Novice: 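One structure follows; several queries about it will come next.
In listed order, ligands and their atoms are each counted from 1. As the structure is a prediction and not an experimental result, all values here were calculated from the model.
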Amino acid sequence: YRGVDILELTEYSNFLETAFMLIYGELPDAVEFKKWNETIVRRQKLKFRIVDIMKNLPESTHPMSVLQAMIAILGAFYTDANYSEDLEYDTITRLIAKTPVVMANWMRMRRGDEPIRAREELNFSENILLMLTGKVPDSEIAKILDKCLILHAEHTMNASTFATLVVGSTLADPYKVISAALGSLSGPLHGGANEAAMELIERFQSPQEATAELLRMLERKDKIMGFGHAIYKDSDPRNEVIKGWSKLLAEEVGDTVLFPVSEAIDKTMWEQKKLFPNADFYHASAYNFMGI
Ligand code: COA
């Protein structure tokens, strides 16, 4: 990203610092980071009217539909049309801060649980897990989530970035721009592959069962979600990283099925089709182990 190796960023940076670098071109200095971090963590909350709107949605609504709608609706609450650098900073920090709050609130509300407020003494990713689970997370697990967010942060001209540029070029407000991008991200051939990969992995009780069914699916010419890439032809550089974390988390939570099944699917796809997992594939099990 911006000339820095993602492996270096996942090792030494954090998601908010990486996001700052992607947006402003350079890593922040200590003063810039303090302001950036504090502003975003302070904004990890939603106005009660926004929560009320969410409460009126059917609980079966897909989280990505909720997110797309609620990000567009944020634009109705933050309407200042006169451009300034302060407004730009406010809008960017709001979007970064509130996106996971919408997701976490929805995950709880659709089960009938009350949303949980973020805490200013926790960091961005710790707050995401707190808002999802109601428990202050293990800091190592929160660090892995933070690194996953770094891997997702940038991916050149993918479909959602393209949608962002198309809608942004019309001078639509930033909330509508990101909302449009989220619509694109939700599709199963893009970010939706993550969920589809999980649905596939969860179907199997053992690696043997997974391999046998995969062979049948390939025979039928089914598309296997979480494999292949429009640009990478040999491997996805993010994959080794996320695969390692998924394995670590599997050990942490005592998983004996999801990770071995994932590896069996991975092996079969390579042997049969020379197709490699993209970053979505092992993110599926990694997020599952985190309780997402
Ligand atoms: N499962 C089964 N077969 C696949 C496949 C998959 N996931 N991905 C590609 N193939 C097949 C193609 O059908 C094609 O077969 P053909 O030569 O018999 O027509 C061959 O592999 C080469 O495909 P390629 O040109 O490399 O891919 P693409 O650019 O057409 O498509 C994707 C790229 C990402 C859209 C595609 O791989 C896909 O749909 N993957 C699943 C969804 C996914 O994981 N998306 C997240 C991307 S980060």
Side-chain angles (χ1 to χ4, degrees), residues 1 5-7 9-10 15 18-19 22 62-65 67-68 99 103 144-145 147-166 178 180-204 207 209-247 258-290 292:
Y1 301 170
D5 194 317
I6 48 165
L7 299 182
L9 291 168
T10 51
F15 169 67
T18 298
L22 284 168
H62 192 282
M64 288 301 285
S65 306
L67 188 62
Q68 185 181 21
T99 297
M103 304 275 13
I144 295 181
L145 172 61
K147 289 170 193 289
C148 291
L149 296 178
I150 293 178
L151 293 186
H152 287 306
E154 209 274 340
H155 211 51
T156 341
M157 195 51 65
N158 60 17
S160 48
T161 304
F162 183 60
T164 304
L165 293 182
V166 171
I178 299 301
L182 285 163
S184 152
L185 183 66
S186 71
L189 297 190
H190 193 3
N194 206 266
E195 182 185 1
M198 192 64 225
E199 280 164 5
L200 175 73
I201 298 163
E202 276 183 327
R203 278 168 47 189
F204 309 115
E209 192 190 337
T211 305
E213 176 59 12
L214 243 280
L215 293 175
R216 283 191 287 270
M217 290 173 79
L218 291 175
E219 184 78 32
R220 290 198 302 263
K221 301 220 174 303
D222 286 357
K223 192 159 249 194
I224 312 299
M225 294 305 171
F227 286 83
H229 200 276
I231 294 167
Y232 299 132
K233 292 302 163 206
D234 303 317
S235 70
D236 181 333
R238 302 164 299 171
N239 181 50
E240 278 308 309
V241 188
I242 182 59
K243 184 176 176 181
W245 295 331
S246 176
K247 186 164 194 274
L258 292 181
F259 189 79
V261 161
S262 303
E263 275 195 311
I265 297 174
D266 180 354
K267 186 164 171 280
T268 310
M269 286 300 280
W270 185 252
E271 285 171 0
Q272 297 296 318
K273 297 279 292 182
K274 292 284 168 283
L275 280 171
F276 54 87
N278 54 51
D280 284 307
F281 187 69
Y282 282 100
H283 266 114
S285 51
Y287 286 138
N288 188 281
F289 298 142
M290 287 181 221
I292 299 174

Novice: Would you check whether P188 has a nitrogen or oxygen atom less than 3.5 angstrom from a nitrogen or oxygen atom of ligand 1?
Specialist: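 No, no N or O pair falls under 3.5 Å.
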
Novice: Kindly indicate whether the side chain of P277, heavy atoms from C-beta on, has any atom under 4.5 Å from the side chain of D236.
Specialist: no

Novice: Could you establish whether H155 and ligand 1 come within less than 4.0 Å of each other, counting only heavy atoms on the residue side?
Specialist: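 Not so, H155 does not reach ligand 1.
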
Novice: Of the protein's non-hydrogen atoms, which lies at the shortest distance from atom 24 (P) of ligand 1, and what is that distance?
Specialist: K233 NZ, 4.0 Å

Novice: Quick check: does any side chain N or O of N278 sit under 3.5 Å from a backbone N or O of G228, one acting as donor and the other as acceptor?
Specialist: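 Yes: the side chain of N278 pairs with the backbone of G228.
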
Novice: Which residue and atom name correspond to the protein heavy atom nearest atom 7 (N) of ligand 1, and how close is it?
Specialist: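 In this structure, atom 7 (N) of ligand 1 has I224 O, 2.6 Å as its nearest protein heavy atom.
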
Novice: Look only at the side chain of K221 and the backbone of M217, and say whether a donor-acceptor pair between them is shorter than 3.5 Å.
Specialist: no

Novice: Of M269, H229, Q272, M225, which has the heavy atom at the shortest distance from atom 42 (C) of ligand 1?
Specialist: M225

Novice: Is at least one protein non-hydrogen atom found at under 4.0 angstrom from atom 40 (N) of ligand 1?
Specialist: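 Under the 4.0 Å cut-off, atom 40 (N) of ligand 1 does have protein heavy-atom neighbours.
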
Novice: Going by the atom numbers of ligand 1, which of them fall below 4.0 Å from some non-hydrogen atom of H190?
Specialist: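 It comes down to these atoms of ligand 1: 46 (C).
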
Novice: For W245, is the NZ or CZ atom of K243 found under 6.0 angstrom from the centre of its six-membered ring and inside 45 degrees of the ring axis?
Specialist: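 Not flagged: K243 not positioned over aromatic ring of W245.
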
Novice: Please classify the L275 to ligand 1 contact at 4.0 Å (heavy-atom distances, strictly less than): side chain, backbone, both or neither.
Specialist: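 Looking at L275 and ligand 1, just side chain atoms fall under 4.0 Å.
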
Novice: Could you check whether atom 45 (N) of ligand 1 has a protein contact, counting only heavy atoms that fall below 4.0 angstrom?
Specialist: yes

Novice: Does the protein put a heavy atom less than 4.0 Å from atom 28 (P) of ligand 1?
Specialist: no

Novice: With heavy atoms only and a cut-off of under 4.0 Å, state how L189 meets ligand 1: side chain, backbone, both or neither.
Specialist: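 Both the backbone and the side chain of L189 come within reach of ligand 1.
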
Novice: Between E154 and T156, is there a side-chain heavy-atom distance shorter than 4.5 Å?
Specialist: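 A side-chain contact exists here, since the closest heavy-atom pair is under 4.5 Å.
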
Novice: Report yes if the side chains of I292 and M103 come closer than 4.5 Å at any heavy-atom pair, otherwise no.
Specialist: no

Novice: Just so I know, are the side chains of H283 and C148 near enough to count as touching, which here means a heavy-atom distance under 4.5 Å?
Specialist: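 Touching, per the 4.5 Å side-chain cut-off.
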
Novice: Compute the shortest N/O to N/O distance between K273 and ligand 1 and return yes if it is under 3.5 Å, no if not.
Specialist: no

Novice: To check your reading of the model: name the closest protein heavy atom to atom 35 (C) of ligand 1, its residue, and the distance in Å.
Specialist: K223 NZ, 4.4 Å

Novice: Counting only heavy atoms not in Y232, do more than 12 sit closer than 6.0 Å to its OH atom?
Specialist: yes

Novice: I'd like to know if the side chain of T164 and the backbone of S160 have a donor-acceptor N/O pair within less than 3.5 Å.
Specialist: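 Looks like yes, one N/O pair under 3.5 Å.
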
Novice: Looking at atom 14 (C) of ligand 1, is any protein heavy atom nearer than 4.0 Å to it?
Specialist: no

Novice: Answer yes or no for atom 37 (O) of ligand 1: protein heavy atom present at a distance under 4.0 Å?
Specialist: yes

Novice: If I compare all heavy atoms of M290 with all of I144, which pair ends up nearest, and what's the gap?
Specialist: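 Heavy atoms only, the tightest pair is CE-CG2, 3.9 Å.
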
Novice: Does N239 reach the side chain of F276, with side-chain heavy atoms less than 4.5 Å apart?
Specialist: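 When only atoms from C-beta onward are counted, F276 and N239 do not touch, as no gap falls below 4.5 Å.
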
Novice: Is the backbone of I150 close enough, under 3.5 Å, to the side chain of Y1 for a donor and an acceptor to pair up by distance?
Specialist: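 Yes, the answer is positive, given that a donor and an acceptor are paired below the 3.5 Å cut-off.
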
Novice: Find all atoms of ligand 1 within a distance of less than 4.0 Å from any non-hydrogen atom belonging to G226, and give their numbers and elements.
Specialist: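 Those qualifying, in numeric order: 43 (C), 44 (O).
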
Novice: Can you confirm whether some protein heavy atom lies under 4.0 Å from atom 10 (N) of ligand 1, or whether none does?
Specialist: yes

Novice: Within the 4.0 Å heavy-atom shell around A230, which atoms of ligand 1 are there?
Specialist: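 Result: 29 (O), 33 (C), 34 (C).
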
Novice: Which atoms of ligand 1 are found less than 4.0 Å from any heavy atom of D222?
Specialist: 2 (C)

Novice: For the 3.5 Å polar cut-off, considering only N or O atoms, please tell me whether L218 and ligand 1 meet it.
Specialist: no

Novice: Indicate whether the side chain of S285 and that of N288 have a donor and an acceptor atom separated by less than 3.5 Å.
Specialist: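 No pair is found: no donor N or O on one side chain lies under 3.5 Å from an acceptor on the other.
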
Novice: Evaluate whether atom CG of D234 has more than 12 neighbouring non-hydrogen atoms of other residues, nucleotides or ligands under 6.0 angstrom away.
Specialist: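 At most 12 heavy atoms, drawn from other residues, nucleotides or ligands, come within 6.0 Å of this atom.
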
Novice: May I ask whether atom 22 (C) of ligand 1 is less than 4.0 Å from at least one protein heavy atom?
Specialist: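 Within 4.0 Å: no protein heavy atom nearby.
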
Novice: Among all protein non-hydrogen atoms, which one is nearest to atom 47 (C) of ligand 1, and what is the separation to 0.1 Å?
Specialist: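 Residue, atom and distance for the closest contact: N278 ND2, 3.6 Å.
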
Novice: Would T161 and H155 count as a side chain to side chain contact (heavy atoms under 4.5 Å, CB included) if you check the C-alpha gap in whole Å, the side-chain angles of each, and the deciding distance to 0.1 Å?
Specialist: CA-CA 8 Å; T161 304; H155 211 51; over 6 Å; no

Novice: Which of the atoms of ligand 1 are close to A193, meaning less than 4.0 Å from one of its heavy atoms?
Specialist: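 By the 4.0 Å cutoff, the relevant atoms are 43 (C), 44 (O), 45 (N), 46 (C).
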
Novice: Considering distance alone, does some N or O of R238 sit under 3.5 Å from an N or O of ligand 1?
Specialist: no

Novice: Quick check on contacts: which atoms of ligand 1 are under 4.0 angstrom from a heavy atom of D280?
Specialist: 46 (C), 48 (S)

